[in-house]
*Asks:* 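Supplied in structure tokens, the structure appears directly below.
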Amino acid sequence: MERVDTLIVGSGHGGAQAAICLRQNGFAGSILILTRDRHLPYERPPLSKEYLRGDKPFERILLRPPAFWSERGIAFRLSANVTDVLPDEHVAVLSDGTRIAYGDLVWAAGGEPRMLACPGAELNGIHAVRARDDLDQLRDELAVGPRRICVVGGGYIGLEAAAVLRKLGHTVTLVEAEPRLLSRVAGEELSEFFLTEHRAQGVTVLLSSKVEALRGENGRVAAVCLTGGEEIPCDLVVVGIGIVPSVGPLMAAGAAGADGVDVDEFCRTNLDHVFAIGDCAAHANPFADGKVIRLESVQNANDMASVAAKAICGDPQPYRAVPWFWSNQYDLKLQTVGLSSGYDTTVLRGDPVARSFCVIYLKEGRVIALDCVNATRDYAQGRRLVEARAQIDPARLVDTSIPLKELL
């Protein structure tokens with residue numbers, strides 16, 4: 001049986017960073033990364049932006065050059081799928097029957113894109129935006145010329161894809177089941193701003209609209225059918241409605257969890273010597289008042305990777321990282337720090353009409369998050385307010401003549 005000191009499942013930001021951090025922290029044992037992907041680790045955020053637009057070739061979104069990994073003794077097995085974990089034996093079993101014994105296991109498998117489950121979901125021409133191969137298939141279909149595209153989902157992935165597709169000259173209709181865009185992650189001010197922006201750019205946005213079925217012709221999608229009876233003719237569909245955490249083998253092995261796999265403050269699961277990090281790891285987050293949540297972000301993946309690596313190296317340090325996110329749409333750069341869930345008040349700082357502003361979220365009078373659009377200075381300075389859960393007079397937060405760093 002093959003044996004490895006640390007086995008990492010998943011080659012996204014979390015898995016790659018876990019291997020890097022192990023070496024940075026002096027880990028001298030063997031490291032093997034198993035991944036279902038066919039490619040060495042690459043950045044995921046550019047897929048729905050620069051890579052889809054064709055602005056960056058794949059080589060420019062690799063996390064590290066190929067030689068980096070071999071020079072550090074980090075091995076890969078591509079197109080490898082783990083089907084079973086035997087925690088008592090410290091063994092992972094692959095779909096081809098290969099058994100790999102490990103000292104520590106870092107589960108960084110992320111998630112699979114959640115796809116539509118309605119009639120017609122099996123038709124050709126339906127695309128996810130998650131991995132390089134997804135985007136390559138989409139780009140191949142777009143290469144034939146202007147297309148009629150229906151984007152399902154008004155979260156960040158759907159909005160970013162809609163922005164790029166519209167800029168490429170395609171006809172875009174975006175369908176969102178909720179009454180507003182970004183309903184799970186942002187306040188009404190930001191939702192309204194992006195709704196206005198996308199419509200101004202020529203995107204047809206349909207809110208409170210649920211997909212009932214997909215109608216096909218000759219095995220290919222031809223229309224999206226909504227519950228109210230409306231049909232949206234289209235040549236292809238892009239689905240951006242979240243992910244399903246890839247934790248099946250861990251759950252079957254007895255790992256605790258509901259939405260993802262539960263981990264403690266050191267990213268340890270309840271299975272012996274098994275860690276979980278990134279999109280699939282549910283943890284009690286101090287910036288969500290200790291609520292158990294999953295965070296789907298590069299920041300979370302990288303910071304959890306560091307926590308797991310340090311624990312493996314005998315230097316356990318709890319996960320306390322401040323959450324942050326970003327999204328690029330058209331010429332707008334949205335930067336978020338903190339978690340706005342549970343807010344009871346918002347403060348608008350700056351002018352949305354000028355396309356540079358912040359929405360500051362308060363809970364019981366304390367700053368818990370900021371959404372900053374083309375306002376990088378406020379984003380950088382606002383981080384300290386979130387860390388301190390600062391209690392500040394809203395009238396001072398509104399006053400753009402006062403730098404946020406002077407409010408502490």
Side-chain angles (χ1 to χ4, degrees), residues 10 12-15 17-18 21 44-45 106-111 155-157 182-187 190 242-247 250-251 255-271 274-311 316-327 334-346 359-372 379-380 382-391:
H13 289 271
Q17 188 65 22
C21 287
R44 302 307 172 101
V106 179
W107 194 268
Y156 287 123
I157 291 296
L182 303 171
S183 60
R184 293 190 305 111
V185 296
L190 199 72
I243 67 167
V244 179
S246 296
V247 294
L250 286 190
M251 306 308 287
D259 179 22
V261 60
D262 291 344
V263 298
D264 66 10
E265 59 185 345
F266 303 107
C267 296
R268 300 176 300 200
T269 72
N270 63 310
L271 303 178
V274 177
F275 298 78
I277 62 175
D279 292 1
C280 65
H283 62 284
N285 192 289
F287 294 91
D289 294 329
K291 182 180 178 182
V292 175
I293 61 173
R294 285 190 309 106
L295 286 179
E296 299 171 14
S297 72
V298 172
Q299 167 272 314
N300 180 62
N302 286 343
D303 286 330
M304 278 192 155
S306 178
V307 168
K310 288 177 179 178
Q317 297 183 20
Y319 182 73
R320 295 287 186 270
V322 180
W324 55 266
F325 315 85
W326 81 93
S327 176
L334 169 66
Q335 295 170 288
T336 295
V337 61
L339 299 172
S340 62
S341 58
Y343 73 91
D344 52 41
T345 308
T346 60
V359 180
I360 303 175
Y361 299 87
L362 308 177
K363 183 176 181 180
E364 297 176 354
R366 298 187 179 278
V367 177
I368 61 170
L370 290 85
D371 282 328
C372 301
Y379 164 76
R383 179 189 180 99
R384 294 180 58 202
L385 304 185
V386 173
E387 290 175 328
R389 293 185 74 87
Q391 190 165 11

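Predicted model only: the values in this text are computed from it and were never measured. Heavy atoms only: backbone and side chains are in, while hydrogens, waters and symmetry mates are out.
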*Asks:* Restricting to side-chain contact (heavy atoms from CB on, under 4.5 Å), what partner residues turn up for Ala18, sequence neighbours left out?
*Replies:*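 Checked Ala18 against side-chain contact (heavy atoms from CB on, under 4.5 Å); matches are Ile8, Val106, Ile277, Ala305.
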*Asks:* Side chains of Pro323 and Gln299, heavy atoms from C-beta outward: is any pair under 4.5 Å?
*Replies:*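 A side-chain contact exists here, since the closest heavy-atom pair is under 4.5 Å.
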*Asks:* Output every pair passing ring pair (Phe, Tyr, Trp, His ring centres under 6.0 Å) with a member in residues 280-310, not counting sequence neighbours, ordered by first then second residue.
*Replies:*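 Sorted result for residues 280-310: His283-Tyr319.
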*Asks:* Determine whether Val367 and Leu362 satisfy the following criterion, side chain to side chain contact (heavy atoms under 4.5 Å, CB included), listing intermediate values before the conclusion.
*Replies:* CA-CA 5 Å; Val367 177; Leu362 308 177; 3.6 Å; yes
*Asks:* Please answer whether the main-chain N or O of Leu295 pairs with a side-chain N or O of Asn300 as donor and acceptor at a distance below 3.5 Å.
*Replies:*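 Side chain of Asn300 to backbone of Leu295: a pair is present.
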*Asks:* Return the set of residues passing side-chain hydrogen bond (donor to acceptor under 3.5 Å, both in side chains) with Arg384 (not counting sequence neighbours), or none when no residue passes.
*Replies:*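 Not a single residue meets the side-chain hydrogen bond (donor to acceptor under 3.5 Å, both in side chains) criterion with Arg384.
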*Asks:* Does Phe275 reach the side chain of Val307, with side-chain heavy atoms less than 4.5 Å apart?
*Replies:*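 No, their side chains stay 4.5 Å or more apart.
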*Asks:* Mind checking what makes salt bridge (charged side-chain N to carboxylate O under 4.0 Å, His left out) contact with Arg320, not counting sequence neighbours?
*Replies:*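 Applying salt bridge (charged side-chain N to carboxylate O under 4.0 Å, His left out) to Arg320 gives Glu265.
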*Asks:* Tell me, which pairs form a salt bridge (Lys or Arg N to Asp or Glu O under 4.0 Å) where one or both residues lie in residues 282-298, sequence neighbours left out?
*Replies:*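 Every pair satisfying salt bridge (Lys or Arg N to Asp or Glu O under 4.0 Å) with a residue in residues 282-298: Asp259-Arg294, Asp289-Lys363, Asp289-Arg389, Arg294-Glu296.
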*Asks:* Only pairs under 3.5 Å count here: list side-chain donor-acceptor contacts from residues 336-344, not counting sequence neighbours, and write none if there are none.
*Replies:*
| residue | atom | partner | partner atom | Å |
| --- | --- | --- | --- | --- |
| Thr336 | OG1 | Asp371 | OD1 | 2.5 |
| Ser340 | OG | Val185 | O | 3.2 |
| Asp344 | OD2 | Glu364 | N | 2.8 |

*Asks:* Looking only at heavy atoms, which two atoms of Ala276 and Met304 are closest? And how far apart?
*Replies:*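 Smallest interatomic distance, heavy atoms only, reads O-SD, 4.5 Å.
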*Asks:* Only counting residues at least two apart or in another chain, list the ones meeting side-chain contact (heavy atoms from CB on, under 4.5 Å) with Cys280.
*Replies:*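 Trp107, Pro245, Val247.
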*Asks:* For Gly382 versus Leu370, what's the shortest heavy-atom pair and its separation?
*Replies:*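 Looking at all heavy atoms of both residues, the closest pair is O-CD1, 3.7 Å.
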*Asks:* Testing the basics here: between His13 and Ala301, what is the closest heavy-atom pair and its distance to 0.1 Å?
*Replies:*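 Minimum heavy-atom separation between His13 and Ala301: CB-CB, 4.1 Å.
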*Asks:* Can you name the salt bridge (charged side-chain N to carboxylate O under 4.0 Å, His left out) partners of Asp279, sequence neighbours left out?
*Replies:*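 For Asp279, the residues satisfying salt bridge (charged side-chain N to carboxylate O under 4.0 Å, His left out) (neighbours in sequence not counted) are Arg130.
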*Asks:* Got a sec, which residues hit side-chain contact (heavy atoms from CB on, under 4.5 Å) with Ala256, two or more places apart in sequence or on another chain?
*Replies:*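 Once residues adjacent in sequence are excluded, the partners of Ala256 under the side-chain contact (heavy atoms from CB on, under 4.5 Å) criterion are Asp262, Asn270.
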*Asks:* Sequence neighbours excluded, which residues qualify as side-chain contact (heavy atoms from CB on, under 4.5 Å) partners of Ser183?
*Replies:*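 If we apply the side-chain contact (heavy atoms from CB on, under 4.5 Å) test to Ser183, skipping adjacent residues, the hits are Glu178, Arg180.
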*Asks:* Over all heavy atoms of both residues, which pair between Leu190 and Leu182 is shortest? Give the atoms and the distance, please.
*Replies:*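 Closest pair (atom of Leu190, atom of Leu182, distance): CD2-CD1, 4.2 Å.
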*Asks:* Any idea which heavy atoms bring Ile243 and Gly111 closest together, and the distance?
*Replies:*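 Taking every non-hydrogen atom into account, CD1-CA, 3.9 Å.
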*Asks:* Any idea which heavy atoms bring Phe266 and Ala311 closest together, and the distance?
*Replies:*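 Taking Phe266 first and Ala311 second, the nearest heavy atoms are O-CB, 4.3 Å.
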*Asks:* Under 4.5 Å between any side-chain heavy atoms of Thr346 and Ile360, yes or no?
*Replies:*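 The answer is no; the side chains never approach within 4.5 Å.
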